[in-house]
Amino acid sequence: AGLISLEIADHGRWVVTEQGRQVLRGQDRVALRVDGLKKTDSKKPRKTQDILVAEADSELLDALKALRRQLATAQKQPAYVVFPDRTLIELATHRPRSRDEMSHIHGIGQSKLDRYGDAFLEVLERYGSR
């Protein structure tokens, strides 16, 4: 807006211009544009997670959460350390029938597969395939 300028000859110092002095004295005004951020509706659900929850069998999901809670309590750890909700939702949705199929689920690496795989496969087997 021409209110300040860079004085190259004076080691790159910024100085207030005459127009800037007028603004500082209140003799002139500066109008700035207000960029509004697009507000998001906080009441809208997260689409991906909600779709997965809707597709998952709620009874199976509850059983998986109960097993997770039991394992976490035995280890004196928070439940998400065993598996996050997203992993349980994917397990309930895709219903893997083997350790190999289970290894393709988000959040299940070799270590967790070795530690928890058989217990979760047992619960999945009780609820059968879709």
- Message: Please determine whether the number of non-hydrogen atoms from other residues, nucleotides or ligands lying under 6.0 Å from atom CZ of R29 exceeds 12.
- Response: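 At most 12 heavy atoms, drawn from other residues, nucleotides or ligands, come within 6.0 Å of this atom.
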- Item | M102 and L91, any side-chain heavy atoms less than 4.5 Å apart |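 In contact.
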Side-chain donor-acceptor distances from residues 116-123 under 3.5 Å, at least two apart:
from : atom 1 : to  : atom 2 : distance (Å)
Y116 : OH     : Q75 : OE1    : 3.1
Y116 : OH     : Q75 : NE2    : 3.1
D118 : OD1    : R99 : NH1    : 3.3

At what distance, to the nearest 0.5 angstrom, does [atom1] of [X] lie from [atom2] of [Y]?
X: Q77; Y: L71; atom1: CD; atom2: CG; result: 11.5 Å
X: R115; Y: I108; atom1: CZ; atom2: CD1; result: 12.5 Å
X: H104; Y: L113; atom1: NE2; atom2: CG; result: 10.0 Å
X: T87; Y: I105; atom1: OG1; atom2: CD1; result: 8.0 Å
X: R86; Y: H106; atom1: CZ; atom2: NE2; result: 4.0 Å
X: R21; Y: L3; atom1: CZ; atom2: CG; result: 11.5 Å

- Message: Quick check: closest heavy atoms across L124 and L60, and the distance to 0.1 Å?
- Response: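 Looking at all heavy atoms of both residues, the closest pair is CD2-CD2, 3.9 Å.
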- Of all heavy-atom pairs between A79 and A72, which one has the smallest distance, and what is that distance?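 Residues A79 and A72, closest heavy atoms: CA-CB, 3.6 Å.
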Extract all donor-acceptor atom pairs below 3.5 Å that involve side chains of residues 62-70 and protein atoms in other chains or at least two apart in sequence.
from : atom 1 : to  : atom 2 : distance (Å)
R68  : NH1    : F83 : O      : 2.9
R68  : NH1    : D85 : OD1    : 2.9
R68  : NH2    : D85 : OD1    : 3.0

- Query: So, does K112 use its side chain to make a donor-acceptor pair with the main chain of V81 at under 3.5 Å?
  - Reply: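 Such a contact is found between K112 side chain and V81 backbone.
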- Checking R95 side chain against Y127 main chain: does a donor-acceptor pair fall under 3.5 Å?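 Yes: the side chain of R95 pairs with the backbone of Y127.
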